[in-house]
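Please read these numbers as outputs of a predicted model, since none were measured by experiment.
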Amino acid sequence: MLVDDILNITGDDLLSKINLTPDDKLLLVACPPCQGFSTIGTNDTNDARNQLIFEYLRLIKEINPDFLLMENVSGIAREKNKIIFHKFLEGIKEDYHFSYGILNAADFGVPQLRKRLVLHGVKKSIVFENFRISLPEQTHSKSGIGDLKKWVNADIIMDLPQIVDGEEYIGNGIYNHIANKLSDINIERIQYIRNGGGSRSCLPEYLRLKCHAGNNGHGDVYGILDISKPSITMTGGCMSYSKGRFGHPTQDRALSAREAARLQSFDDDYVFIGNRAQLARQIGNAVPVKLAEASGKYFQKILNEVYSNERDYKNIR
């Protein structure tokens, strides 16, 4: 782990940490900050965070990896942001075959509706001339037609031990099952909303926030999680009742860190370190595990198909 600003990290810094051998195949993964590209972001091409995608490009040039994988919000390819994204693509097209598209994490077994742009790249010099790169094939769908399984719903959190707001459960190999404390008025709100359909639109005048008066935007805030379908997108505020539809379906509290992690498809034995805010940020900002796994399996498939003979791989490298 190198804990530093990416502006200070060189390709040599990274290579010196991984002991790469001549026979290794290198995948360089990046998740540039997405806030400036999101639908609620500034969409400012001069936003310093938006320029960090070019630090990934710099590291690609310095390291010359065999494979590329990048994830970002779908908004990076929107009209307002495509100048930046296409400039990045121009920087890799000479040396890499690439493919990108918008994937829904739910289509890969993640119990969450989360659309993200995923880019795959493979170095032209190590594959055949007519090689075509693609994205991973989905394994799930809403209805589960054919060979596809049905989407995984958010009810996968319901077997975790019951806790109250502000409590942490410790025991039985369960980690990070900890919830934020709620104010008395928010407990009253969550009870009223749960009985009124799950959305804050049912709140009576005395329970409404002044900022919500006449404002129908951000309708998910103060909402209750619907466990009959995949969850909404987990964010860095996934443990805060006021920042999304993160209210527990039956208990008067927001989601615990472990529940949010499950909705991001983390295994229960994956332990997060930090205070509550740090836990939420780590979990919400992560690429859903099963979505990342789908890309990993795709690159393994390339190796198995194209480089089934290790001697051939060494020769064309």
Just wondering, do Asn285 and Arg281 contact through their side chains at under 4.5 Å, heavy atoms? yes
Any heavy-atom pair between the side chains of Leu303 and Lys25 that's under 4.5 Å? yes
Does any part of the side chain of Phe85, heavy atoms only, come nearer than 4.5 Å to the side chain of Leu117, both counted from C-beta? yes
For Phe131, give me all partners under ring-ring contact (aromatic ring centres under 6.0 Å, His included), at least two apart in sequence or on another chain. none
Extract all donor-acceptor atom pairs below 3.5 Å that involve side chains of residues 187-196 and protein atoms in other chains or at least two apart in sequence.
residue, atom, partner, partner atom, Å
Glu188, OE2, Tyr206, OH, 2.9
Arg189, NE, Leu207, O, 2.6
Arg189, NH1, Asn186, OD1, 2.8
Arg189, NH2, Leu207, O, 3.3
Gln191, NE2, Asp252, OD2, 2.8
Arg194, NE, Pro249, O, 2.9
Arg194, NH1, Asp252, OD1, 2.7
Arg194, NH2, His248, O, 2.9
Arg194, NH2, Gln251, O, 2.7
Asn195, ND2, Gln191, O, 3.2

Residue pairs passing the salt bridge (Lys or Arg N to Asp or Glu O under 4.0 Å) test with at least one member in residues 159-181, sequence neighbours excluded, are Asp159-Arg262, Asp165-Lys181
Going by ring-ring contact (aromatic ring centres under 6.0 Å, His included), name the residues that satisfy it together with Phe266, two or more places apart in sequence or in a different chain. Tyr270, Phe272
Least distance between heavy atoms, Leu279 atom then Ala257 atom: CD1-CB, 4.0 Å
Using the salt bridge (Lys or Arg N to Asp or Glu O under 4.0 Å) rule, collect all pairs that involve residues 7-20, keeping only residues at least two apart or in two chains. none
State yes or no: are the ring centers of His120 and Phe98 separated by less than 6.0 Å? no
Any Lys/Arg nitrogen of Lys297 or Glu137 sitting under 4.0 Å from an Asp/Glu carboxylate oxygen of the other? no
Cut-off 3.5 Å, no hydrogens considered: what does the side-chain donor-acceptor table look like for residues 140-150, sequence neighbours left out?
residue, atom, partner, partner atom, Å
His140, ND1, Gly109, N, 3.3
Ser141, OG, Gly144, N, 2.8

Might you confirm whether atom OH of Tyr175 has over 12 heavy atoms from other residues, nucleotides or ligands at distances under 6.0 Å? no
For the residue pair Thr21 / Asp23, report whether a side-chain donor-acceptor contact shorter than 3.5 Å exists. no
Hey, does the Lys NZ or Arg CZ of Lys87 hover above the aromatic six-ring of Phe54, less than 6.0 Å from the centre and inside 45° of the axis? yes
Counting only heavy atoms from other residues, nucleotides and ligands, does the tally under 6.0 Å from CG of Asn8 exceed 12? yes
May I ask you to check whether Phe67 and Tyr96 place their ring centres under 6.0 Å from each other? no
State, with a plain yes or no, whether a side-chain heavy atom of Val221 is found less than 4.5 Å away from one of Lys243. no
